[in-house]
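Worksheet: one structure, shown below.
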Amino acid sequence: AELATLPGDFYDSSVMYLDALTGPLLERLYEPDAERPSIVVFTSDHGEMLGDHGLYQKFCLFEGAVRVPLIVSYPGHLPEGRVTDALTELIGVYPTLAELLVKDYLQRAESDPASAGGDLTPREREVLVLLVEGLNNPEISERLCISLGTTRSHVSNILSKLGVSNRGEAIALALRH
């Protein structure tokens, strides 16, 4: 076997290694006996240039440094095989994933309230989604056009119905289930 000598060779080797690890991981996640489908996200924080324009690494705004892959799979929830050239910012990935997970949790809670920790009102569901997105009470109040006292009351009800003592535990419960 030849040793990798060019930066592109090292990159190609890393991609092949990642690919070899990804296949078995996805097979395990999507086994027929899996409790429910997992959300899988594949992305990168930046490109490497790999000699384009005679440059390496990520210190410029050429496409090779700023364009990154974003592959999201959530069987039964997101369309499969959709490809787009639309501009995407990674800053929106976490809130989007959190919203998908909370919606999934809330749908399960609706069909079987006891197993999900209690039945939340529609407004409490909205508040829970915003909590998971990372909004604080004043931001939730502003977003939903309700008073800060009402927001606090909703958060308190959510914590009580879910059987947790703080918003971090409520978020973890919603994301875990």
Side-chain angles (χ1 to χ4, degrees), residues 18 21-22 25-47 58 61 66-177:
L18 179 64
L21 296 176
T22 302
L25 172 66
L26 293 176
E27 287 173 11
R28 176 73 176 107
L29 286 174
Y30 295 134
E31 285 180 348
D33 64 340
E35 204 172 297
R36 66 177 183 276
S38 299
I39 296 178
V40 176
V41 178
F42 177 83
T43 190
S44 173
D45 63 338
H46 61 82
K58 63 155 191 169
L61 294 178
V66 297
R67 190 176 184 98
V68 297
L70 177 60
I71 301 170
V72 182
S73 172
Y74 193 23
H77 299 278
L78 296 176
E80 294 183 24
R82 183 167 175 222
V83 177
T84 180
D85 286 329
L87 179 64
T88 303
E89 293 184 298
L90 297 180
I91 196 166
V93 171
Y94 171 77
T96 302
L97 294 176
E99 184 176 341
L100 284 171
L101 289 170
V102 170
K103 283 182 179 179
D104 185 48
Y105 166 77
L106 293 174
Q107 286 172 349
R108 286 192 318 279
E110 200 170 271
S111 64
D112 186 10
S115 70
D119 54 332
L120 302 177
T121 67
R123 181 61 90 178
E124 289 166 349
R125 293 169 193 266
E126 288 179 286
V127 171
L128 181 58
V129 169
L130 296 175
L131 285 174
V132 172
E133 288 181 12
L135 275 64
N136 60 32
N137 286 355
E139 292 167 331
I140 292 170
S141 296
E142 184 176 324
R143 176 83 61 92
L144 298 179
C145 299
I146 58 177
S147 73
L148 189 54
T150 300
T151 299
R152 287 185 185 124
S153 178
H154 286 311
V155 171
S156 177
N157 290 342
I158 291 167
L159 299 180
S160 176
K161 288 179 179 182
L162 296 180
V164 296
S165 59
N166 61 56
R167 66 178 51 221
E169 291 176 2
I171 292 167
L173 178 69
L175 293 177
R176 187 173 56 244
H177 286 20

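Counting from 1, the numbers follow the sequence of the chain as shown.
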List the atom pairs, with distances to 0.1 Å, where a side-chain N or O of residues 143-151 and a protein N or O form a donor-acceptor pair under 3.5 Å, not counting sequence neighbours.
{"unit_1": "S147", "atom_1": "OG", "unit_2": "T150", "atom_2": "N", "d": "3.0"}
{"unit_1": "S147", "atom_1": "OG", "unit_2": "T150", "atom_2": "OG1", "d": "2.8"}
{"unit_1": "T151", "atom_1": "OG1", "unit_2": "S141", "atom_2": "OG", "d": "2.6"}
{"unit_1": "T151", "atom_1": "OG1", "unit_2": "S147", "atom_2": "O", "d": "3.2"}

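- Residues passing the side chain to side chain donor-acceptor pair (under 3.5 Å) test with R167 are N137, sequence neighbours excluded.
- Every side chain to side chain contact (heavy atoms under 4.5 Å, CB included) that E139 has, sequence neighbours left out, goes to L135, N136.
- Considering CG of L90 and OG1 of T43, their distance stands at 4.5 Å, rounded to 0.5 Å.
- When all heavy atoms of A98 and V132 are compared, the pair lying nearest together is CB-CG1, 3.1 Å.
- Atom OG1 of T96 is separated from atom CD1 of I39 by 10.0 Å, given to the nearest 0.5 angstrom.
- Partners of S73 according to the side chain to side chain donor-acceptor pair (under 3.5 Å) rule, which considers only residues two or more places apart in sequence or in another chain, are Y30.
- Under the salt bridge (charged side-chain N to carboxylate O under 4.0 Å, His left out) criterion, the residue pairs touching residues 84-94 are R67-D85, with sequence neighbours excluded.
- Here L21 pairs with Y17 under the side chain to side chain contact (heavy atoms under 4.5 Å, CB included) rule; sequence neighbours left out.
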Side chain to side chain contact (heavy atoms under 4.5 Å, CB included) between L70 and V93, intermediate numbers included
CA-CA 9 Å; L70 177 60; V93 171; 4.2 Å; yes
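- Note that the CD atom of E133 and the CG atom of L97 stand 11.0 Å from one another [nearest 0.5 Å].
- Once rounded to the nearest 0.5 Å, the distance linking CD of E80 with CG of L78 reads 9.5 Å.
- Applying the salt bridge (Lys or Arg N to Asp or Glu O under 4.0 Å) rule to R123 yields the partners E126; only residues at least two apart in sequence or on another chain are considered.
- The environment of L18 atom CG is dense: over 12 non-hydrogen atoms of other residues, nucleotides or ligands sit within 6.0 angstrom.
- Taking N157 as the reference, E124 meet the side chain to side chain donor-acceptor pair (under 3.5 Å) condition, with sequence neighbours excluded.
- Taking both residues in full, the closest heavy atoms of I91 and P95 are given as O-CD, 3.5 Å, listed atom of the first, atom of the second, then distance.
- Partners of T84 under the side chain to side chain donor-acceptor pair (under 3.5 Å) rule, at least two apart in sequence or in another chain, do not exist in this structure.
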